[in-house]
Amino acid sequence: MLKPLFAYIVVAKEKLKSKSVYIPPEAQKRNAQSYGKILSVGPACVESTRKLIGKTVLLKRLAGDWVQVPDQEEVYVVHEDDLLAVVEK
């Protein structure tokens with residue numbers, strides 16, 4: 001597991017499965033990297049962000065970087081400012 005530094009967040013890619021939000025299939029392809037589940041947060045993240053661990057969030061498009069960790073899934077590392085919303089299920 002990656003432990004992010006500063007105000008960075010590690011996010012696992014996740015497909016949106018919500019009955020309250022409809023996203024057309026073509027937009028899902030275009031925004032495939034925009035949703036993810038927060039796995040861990042850096043020490044400089046504010047308390048409200050720390051409470052989001054395990055939640056699915058909407059991210060800014062083209063934010064952060066994909067990182068491949070040996071023997072693990074590919075994860076997304078984004079800055080705290082790249083979070084846009086929490087997806088409630």
Side-chain angles (χ1 to χ4, degrees):
M1 175 56 77
L2 289 177
K3 183 175 179 183
L5 300 174
F6 312 112
Y8 285 94
I9 299 169
V10 176
V11 179
K13 185 171 24 175
E14 186 172 279
K15 290 189 178 188
L16 184 63
K17 297 174 188 169
S18 174
K19 295 180 181 179
S20 62
V21 178
Y22 173 73
I23 299 177
E26 62 276 359
Q28 288 180 8
K29 291 177 188 173
R30 196 171 53 239
N31 297 324
Q33 300 174 355
S34 296
Y35 296 93
K37 185 175 185 177
I38 295 180
L39 299 177
S40 59
V41 299
C45 290
V46 296
E47 186 62 31
S48 59
T49 302
R50 292 176 186 279
K51 293 179 181 178
L52 297 177
I53 293 175
K55 304 239 178 171
T56 301
V57 293
L58 172 66
L59 306 167
K60 285 183 182 177
R61 200 165 166 207
L62 303 176
D65 294 298
W66 285 105
V67 178
Q68 178 66 49
V69 180
D71 300 325
Q72 291 185 9
E73 270 189 42
E74 192 174 38
V75 294
Y76 202 45
V77 179
V78 299
H79 195 271
E80 180 179 32
D81 294 339
D82 293 333
L83 297 180
L84 296 176
V86 176
V87 179
E88 295 184 358
K89 298 180 178 182

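We count residues from 1, following the sequence as given.
Among residues two or more places apart in sequence or in another chain, the side-chain hydrogen bond (donor to acceptor under 3.5 Å, both in side chains) test is passed with T49 by E80. Applying the side chain to side chain contact (heavy atoms under 4.5 Å, CB included) criterion to E74, with sequence neighbours excluded, gives W66, Q68.
No side-chain donor-acceptor contact under 3.5 Å links R50 to the backbone of V41. Not a single donor-acceptor pair under 3.5 Å links the side chain of S40 to the backbone N or O of P4.
Under the 4.5 Å side-chain heavy-atom criterion for ILVMFWY residues, no single connected hydrophobic cluster contains both V57 and V46.
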From CA spacing to verdict: side-chain contact (heavy atoms from CB on, under 4.5 Å), L83, I38
CA-CA 10 Å; L83 297 180; I38 295 180; 4.3 Å; yes
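Here CG of L62 is found 10.5 Å from CG of D82. Values are rounded to the nearest 0.5 Å. Atoms SG and OH, on C45 and Y8 in that order, are 10.5 Å from each other to the nearest 0.5 Å. With rounding to the nearest 0.5 Å, the separation of NZ in K37 from CG in L52 is 13.0 Å.
Taking every heavy atom of both residues into account, V87 and L58 meet most closely at CG2-N, 4.3 Å.
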